[in-house]
Amino acid sequence: MLNLDLPFASPEIEKLLGDAVSATWTVGQDPLWHQPLDIEQIKQVGTASLLQDMPGFSALSIKQRNEVIYREGLYHLHNLMGGEHLGVFLAAQIIRDCPDDSLDCAYFASTILADERNHMLILRRYLREKIGVAFSPNPALTQIFDELMRETAFEVKLFVAQLCLEWTAVSLISSIQFKNPEPLLRNILAAIVRDEGRHLRFNRWVFAHLTDARIAELQPRMEDMFFETTVAIIASFFAIPVWRQYGFAPDACRDYALRDLNARGAMRYFTRILPKQLERCRFKSDRLVRLLETELEQRVIDAHFELETADTSAETGLIASAGTTRKQ
């Protein structure tokens, strides 16, 4: 008989569920939707391009460089939107596959599904109504979500999606939010960051309750999936569709982008800092650390070539013209 009292076993989950209920999404009613964007101001303020040290990039005019940086940001927002869209279906699988006796897991996973849906819809509205430029998501991210959808263990789905994809998305979102002067986008991203914080706390709760035997059983698969997901995340930084619009050769872009990611400490984040964060969730893996330290960059390069020979729809997903181009 269905127990309508719904007794949740964990006070922490009770609180997270209460926080999810209280986090009413009001971004759709934000009055800023009715104000025009100052696109030229937005183009002049943002994070530096990964191509900033490439001779062909520095040869562009200031206006052209600002345009490239602006479109790189839009490309990353489309990747974020694509990830949120795919996250809806991944959350649905987690709800289906989590233990029958765990209302805590099933009910909180249902809030993740609702959150991911909200994120996708509000980002789609922003990009359609306020920007009017569209890119296809980076195929590396699509491939890794396809792999996760085939995964049988719901814990692996949670581990990779929340501790890798979502955690990294929060970092990327925060960077965009800090640099982007557009107030409506800041409000949207701030709401997403709040939701993702709850998701991360839930993921830590799940792994705190796994037995050592279960973690050992899942570890090899989690190591492989985490490594391949990290490769996909770094590959998605390469805004090849944008760079090609300006006549830059993808191979040269890849080399300068990797060099810049190293200079910014991004690669160190993936090889040193993130594994330490994983240890706090009871996931320690010398093998994963070794893979990240010795094979990550080469796998990113390999992934770049694989994507170059795969479907080129991502490169034709640009709707708006990139304007004046200049060969490297």
Side-chain angles (χ1 to χ4, degrees), residues 46-60 64-80 82-83 133 135-147 164-165 168-169 171-172 175-176 179 226-274 291-318 322-323 325-328:
T47 56
S49 172
L50 291 178
L51 304 186
Q52 60 182 341
D53 295 327
M54 193 165 75
F57 182 82
S58 59
L60 297 175
Q64 288 174 319
R65 291 199 297 270
N66 289 340
E67 180 78 12
V68 173
I69 293 170
Y70 169 65
R71 289 180 178 276
E72 286 174 345
L74 295 181
Y75 179 77
H76 296 316
L77 279 179
H78 276 87
N79 282 335
L80 175 61
V133 174
F135 293 95
S136 297
N138 189 289
L141 295 176
T142 302
Q143 289 175 8
I144 206 65
F145 268 101
D146 287 345
E147 187 70 18
C164 190
L165 287 167
T168 304
S171 300
L172 179 60
S175 175
I176 295 172
K179 296 293 186 180
F226 188 91
F227 179 71
E228 293 302 325
T229 301
T230 304
V231 171
I233 291 169
I234 296 173
S236 73
F237 286 134
F238 298 168
I240 300 296
V242 174
W243 297 337
R244 276 195 162 172
Q245 288 288 324
Y246 288 83
F248 297 127
D251 289 355
C253 292
R254 179 206 67 210
D255 293 340
Y256 276 92
L258 271 176
R259 185 183 309 175
D260 201 68
L261 286 170
N262 273 299
R264 296 187 193 198
M267 300 301 287
R268 182 179 182 276
Y269 171 81
F270 288 111
T271 59
R272 300 291 180 84
I273 298 174
L274 195 52
L291 285 171
L292 291 171
E293 289 181 343
T294 63
E295 299 186 24
L296 181 58
E297 285 201 27
Q298 186 57 51
R299 277 290 295 118
V300 171
I301 292 171
D302 293 343
H304 165 80
F305 284 118
E306 290 166 7
L307 294 174
E308 279 293 291
T309 58
D311 185 2
T312 58
S313 60
E315 297 179 21
T316 59
L318 185 61
T325 63
R326 177 169 180 163
K327 294 288 182 182
Q328 181 186 353

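Side chains included, hydrogens not; waters and symmetry mates left out as well; all remaining heavy atoms used.
- Contacts of R272 classified as side chain to side chain donor-acceptor pair (under 3.5 Å), with partners at least two apart in sequence or in another chain: E293.
- The aromatic rings of F238 and W243 sit tilted relative to each other, their planes meeting at an angle between 30° and 60°.
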Inset, instruction - Begin with the C-alpha distance, continue with both residues' side-chain angles, and end with the deciding distance and a verdict on side-chain contact (heavy atoms from CB on, under 4.5 Å) for Q52 and R65. - result: CA-CA 9 Å; Q52 60 182 341; R65 291 199 297 270; over 6 Å; no
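- Taken to the nearest 0.5 Å, the OH atom of Y256 stands 13.0 Å off from the CG atom of D251.
- Taking CG of D302 as the start and CD of E295 as the end, the distance is 10.0 Å to the nearest 0.5 Å.
- The line from CG of D255 to CG of D53 is 13.0 Å long, rounded to the nearest 0.5 Å.
- Note that CZ of F135 and CD1 of I240 are 12.0 Å apart. Values are rounded to the nearest 0.5 Å.
- The line from CG of L291 to OG1 of T230 is 10.0 Å long, rounded to the nearest 0.5 Å.
- Of all non-hydrogen atoms in S236 and N79, the two that sit nearest each other are O-ND2, 3.4 Å.
- Rounding to the nearest 0.5 angstrom, the gap separating the CG atom in L74 from the CD1 atom in I69 is 12.5 Å.
- Using a 4.5 Å cut-off on side-chain heavy atoms (C-beta onward), I233 and I144 make no contact.
- In this structure the side chain of R71 reaches within 4.5 angstrom of the side chain of E67, judged on heavy atoms.
- Contact between P137 and T142 at its shortest, heavy atoms only, is CB-OG1, 4.4 Å.
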Can you give each donor-acceptor pair under 3.5 Å made by side-chain atoms of residues 263-271, sequence neighbours left out, with the distance rounded to 0.1 Å?
residue, atom, partner, partner atom, Å
R264, NE, D260, OD2, 2.4
R264, NH1, A48, O, 3.4
R264, NH2, A48, O, 2.6
R264, NH2, S49, O, 3.0
R264, NH2, D260, OD2, 2.8
T271, OG1, M267, O, 3.1
T271, OG1, R268, O, 3.4

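- Ring pair F57/F248 is tilted by interplanar angle, where 30° to 60° counts as tilted.
- Closest of all the heavy-atom pairs between G83 and F145 is O-CZ, 3.6 Å.
- Put simply, the residue from L292, N262, I234, L261 that forms a side-chain contact (heavy atoms from CB on, under 4.5 Å) with E297 is N262.
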